[in-house]
Enquirer: 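Below is the structure I would like to discuss, written out as structure tokens.
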Amino acid sequence: MFRSRVLSVVRRIPAGRVATYGDVAATAGNARASRAVGNIMRDCRSHDVPCHRVVAAGGRLGGYGGNLELKRGLLRAEGVVVIGNAIRDFKTRRWVRATRTRHGDV
DNA sequence: CTGCTGACTGGTA
DNA sequence: GTACCAGCCAGCA
């Protein structure tokens, strides 16, 4: 199920790092399912999945069920510099699947 | 099966 | 920079 796969991907996002819905969708199997991913995230209230580490493209926070400030706080707490509704150095903060990166992703 | 929804994305104005 | 539009996808009624 796409949903389970998405949750797995999000779960693999290391703290202090963020991934876009598109990246998650791509890792899940469909790079175009970014929208569906967001839809799934909406239903993901489990703390097993750091949905707050999932952001929109361009480094924008995206949304968080209305508690966007909470998402911002969590990200900042993990070391992510958030400015307004965007992430500072997003390109360097962006996490991309570490399926085969046993070198340690920076 | 058809239609609607939405934490998306990229493009255009 | 912001605002609007069209495309694309999974989930649900």
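As the structure is a prediction and not an experimental result, all values here were calculated from the model. The sequence lines fix the lettering, A, B, ..., with proteins before strands; numbering per chain opens at 1.
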Enquirer: Can you tabulate the close N/O pairs, meaning under 3.5 Å, that link protein atoms to atoms of nucleotides 9-13 of chain B?
Expert:
from   : atom 1 : to     : atom 2 : distance (Å)
dT9(B) : OP1    : A57(A) : N      : 2.8
dT9(B) : OP2    : A57(A) : N      : 2.8

Enquirer: Output all residues satisfying side chain to side chain contact (heavy atoms under 4.5 Å, CB included) with R42(A), sequence neighbours left out; order by chain, then residue number.
Expert: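 Partners of R42(A) under the side chain to side chain contact (heavy atoms under 4.5 Å, CB included) test: N39(A).
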Enquirer: Would you find a donor on one side and an acceptor on the other, under 3.5 Å apart, between the side chain of R32(A) and the backbone of A26(A)?
Expert: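 Here the side-chain-to-backbone pair does not exist.
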Enquirer: What integer distance in Å separates Y64(A):OH from dG6(B):C1'?
Expert: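 That distance rounds to 17 Å.
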Enquirer: If you round to the nearest 0.5 Å, how far is OG of S4(A) from CD1 of I40(A)?
Expert: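 Answer for the CD1-OG pair, I40(A) versus S4(A), is 8.5 Å.
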Enquirer: List the atom of V10(A), the atom of P50(A), and the distance in Å for their closest heavy-atom pair.
Expert: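 The pair with the smallest heavy-atom distance is O-CG, 3.3 Å.
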Enquirer: Using the rule that Ile, Leu, Val, Met, Phe, Trp and Tyr join whenever any side-chain heavy atoms are under 4.5 Å apart, tell me whether I87(A) and W95(A) fall into a single cluster.
Expert: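 No, it is not one cluster - the side chains of I87(A) and W95(A) are not joined through contacts under 4.5 Å.
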Enquirer: Restricting to non-hydrogen atoms, name the atom on V24(A) and the atom on A19(A) that form the minimum distance, rounded to 0.1 Å.
Expert: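 For V24(A) versus A19(A), the nearest heavy atoms are CG2-CB, 4.1 Å.
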Enquirer: Check whether any side-chain heavy atom of M41(A) sits under 4.5 Å from a side-chain heavy atom of Y21(A), and report yes or no.
Expert: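 Side chain of M41(A) against side chain of Y21(A), heavy atoms only: contact under 4.5 Å found.
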Enquirer: Check whether any side-chain heavy atom of I13(A) sits under 4.5 Å from a side-chain heavy atom of V54(A), and report yes or no.
Expert: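 They are in contact (side-chain heavy atoms under 4.5 Å apart), so the answer is yes.
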Enquirer: Using whole Å, report how far CZ of R32(A) lies from C1' of dC8(B).
Expert: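 Going from CZ in R32(A) over to C1' in dC8(B) covers 13 Å.
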Enquirer: Could you tell me which non-hydrogen atom of L74(A) sits nearest to which non-hydrogen atom of Y64(A), and how far apart they are?
Expert: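 Minimum heavy-atom contact is CD1-OH, 3.9 Å.
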Enquirer: Once side-chain hydrogen bond (donor to acceptor under 3.5 Å, both in side chains) is applied, what residue pairs with a partner in residues 66-81 of chain A remain, sequence neighbours excluded?
Expert: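 As it turns out, the side-chain hydrogen bond (donor to acceptor under 3.5 Å, both in side chains) pairs with a partner in residues 66-81 of chain A, which skip direct neighbours, are H52(A)-E78(A), R53(A)-E78(A).
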Enquirer: Are side-chain heavy atoms of V18(A) and L75(A) found at a separation under 4.5 Å?
Expert: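 Yes - at least one pair of side-chain heavy atoms lies under 4.5 Å apart.
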Enquirer: Pairing of DNA chain C as dot-bracket, 5' to 3': ( ) intra-strand, [ ] crossing, | other strand, . unpaired, with Watson-Crick or G-U pairs under 3.5 Å?
Expert: .||||||.|||||
Enquirer: Which atoms form the tightest heavy-atom contact between A25(A) and A33(A), and what is the distance?
Expert: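 Minimum heavy-atom contact is CB-C, 3.7 Å.
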Enquirer: Taking only N/O atoms, report every protein-nucleotides 1-4 of chain B pair under 3.5 Å with atom names and distance.
Expert:
none

Enquirer: Looking at D23(A) and R94(A), is any side-chain nitrogen of the basic one under 4.0 Å from a carboxylate oxygen of the acidic one?
Expert: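 Salt bridge flag = yes for D23(A) with R94(A).
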Enquirer: Quick test: give all pairs of protein nitrogen or oxygen and nucleotides 10-12 of chain C nitrogen or oxygen below 3.5 Å, distance rounded to 0.1 Å.
Expert:
from    : atom 1 : to     : atom 2 : distance (Å)
dA10(C) : OP1    : N30(A) : ND2    : 2.8

